[in-house]
Every structure is written in C-alpha cells, then in structure tokens.
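Read the structure below first, then the notes.
Scope of the values below: all heavy atoms of this structure, side chains included, with no hydrogens, waters or symmetry mates.
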Amino acid sequence: MKKIYPSAKAALDGILFNGMFIAAGGFGLCGIPELLLQAIKDAGTKDLTFASNNAGVDDFGIGILLQSGQVKKMISSYVGENAEFMRQYLSGELELEFNPQGTLAERLRAGGCGIPGFYTKTGVGTVIADGKEHKDFNDETYILEQGLISDVSIVKAWKADATGNLIFRKTARNFNPPAAMSGKICVAEVEEIVPTGSLDSDNIHLPGIYVHRLVQGNHEKRIEQRTTQPAA
C-alpha cells in the first residue's frame, strides 16, 4: 500500500469530517505536526476535539485552529502560553478536560494497544477523580481511566521510510508515539523519507504498522522561550 502523499492536504483527503476526534503529537512547540494542522485549518473542518499535551501558542500549533474557531474541546495537560485558549475557556466557548501528562500519554498508548482502561493513583483525591470509578489494590486507592481511540492521529517525525517506520529526533519523541498509536488512521509528517531498509531497526521509535499516510515537508524550528544573556 502506497503511504507517501505529495502534500499535507492530499494526506488528509477523505478522512476529515466535522465533529471528529484528533490526537496530535507535540510538546510545547517541539514535534508539532504543523503542516497537517495548517491543512486542517485550510479545510475548514470544525467542531473538533483534540487530545494533545498542550494547545500550542496563539499563532502556532493547535492555536491556529483556536483562532479560527474550529476546536470544540481540548483533552490536555498544559494550556498556558495561549491567550486565546484562556479567553475561549473562561467565556465558555471551549470545553476542557484536564489530564495529568502521564495519564494522557497512557490513555493514548492504551487505546492504541486495545486496552479499554487502566487504574492509576494519579489524580486520586482531586477534581481529576470526580465521577470516575475508584478501586482499592493492596490498601491503595486507584481511579479508572479510559483508553483513547481517535478518528485520526497527526504526528511529526524526523525520518521515515516508505513503509512508515518512524524515527523522532530528541525531545520531539514526547507525545508523538502514543498519539500515533491511538489513531484509527495515523498521518505523519516528516523531515526526510529514506529508502526502505536503510533505517537501523534497533533505532526505529514507531513501527510502520501504526502509520497509514506520510508527507514530507519543510518545518519551522521555533523556540518557545528564549533567554539570552546581555552582551558584556
């Protein structure tokens, strides 16, 4: 099956629909599938639910979809650095489901592994636990968290081969692998596509069985917070 597409728009063709659930990789501004997010904005798909560690910033990442009013709900861990997110949430325009980072990563991974739910101590005794099943193991209380299965997952990797095996560069590995696993369809944008067989199998971070579509492109290398020392 051919997995390589000529553009982000082509890679998303036929799989976007209003009201869909999308899992997106990235952490802060690192490893964000920026080309695919721009293509979703251009497509005008709306009423979207996103599972993502954060919502980018006002003019980058998922932030561009918040600006255009295409996002209905965020399932996230961190929502700072985004004034428009804050405005929409406080005004009641945007629904928010907070998840601890480890819980969110495991919910995505669990969904991709066919695990419907798991118990965790994280969040016990806080608002995170409200309305969730509690169970004691060895005299410790745990809460039940459900695995996440998204309609589409979008991720950004460093290298891929034509079969979809992915390598992520340094901290861009973050939420991208579990997000990719959670999707019924996974679309990956990469910086480089190499011939099949040229990647060291011991260095592959995500096997191509999880990846359905690939697009290669040029990416912006943003720095979220820059701190420099004044010149002497």
Taking only distance into account, with no hydrogens and no angle test, what donor-acceptor pairs under 3.5 Å do side-chain atoms of residues 176-187 form with protein atoms, sequence neighbours excluded?
{"unit_1": "N176", "atom_1": "OD1", "unit_2": "K156", "atom_2": "N", "d": "3.1"}
{"unit_1": "N176", "atom_1": "ND2", "unit_2": "G31", "atom_2": "O", "d": "3.1"}
{"unit_1": "N176", "atom_1": "ND2", "unit_2": "K156", "atom_2": "O", "d": "3.4"}
{"unit_1": "N176", "atom_1": "ND2", "unit_2": "A172", "atom_2": "O", "d": "2.8"}
{"unit_1": "S182", "atom_1": "OG", "unit_2": "S150", "atom_2": "OG", "d": "3.2"}
{"unit_1": "S182", "atom_1": "OG", "unit_2": "A179", "atom_2": "O", "d": "2.9"}

Residues passing the side-chain hydrogen bond (donor to acceptor under 3.5 Å, both in side chains) test with D136, sequence neighbours excluded, are T141
Joining Ile, Leu, Val, Met, Phe, Trp and Tyr whenever any side-chain heavy atoms lie under 4.5 Å apart, the cluster holding Y119 also takes in F137, Y142, L144
side-chain hydrogen bond (donor to acceptor under 3.5 Å, both in side chains) filter on T120, not counting sequence neighbours, yields T122
Side chain to side chain contact (heavy atoms under 4.5 Å, CB included) filter on L35, not counting sequence neighbours, yields A8, E189, H219
Residues pairing under salt bridge (charged side-chain N to carboxylate O under 4.0 Å, His left out) where one sits in residues 9-38, two or more places apart or in two chains, turn out to be none
Tracing side-chain contacts under 4.5 Å among Ile, Leu, Val, Met, Phe, Trp and Tyr outward from I167 reaches W158, V194, L199, I204
Sequence neighbours excluded, the answer for salt bridge (charged side-chain N to carboxylate O under 4.0 Å, His left out) partners of R87 is E84, E93
Contacts of F118 meeting ring pair (Phe, Tyr, Trp, His ring centres under 6.0 Å) (sequence neighbours excluded), chain-then-number -> none
Residue pairs meeting salt bridge (charged side-chain N to carboxylate O under 4.0 Å, His left out), one or both in residues 122-132, sequence neighbours left out, come to K132-E145
Quick note, salt bridge (charged side-chain N to carboxylate O under 4.0 Å, His left out) partners involving residues 106-121, not counting sequence neighbours, are E97-R107, E106-R109, K121-E140
Sorted by chain and number, sequence neighbours left out, side-chain hydrogen bond (donor to acceptor under 3.5 Å, both in side chains) with T196 holds for none
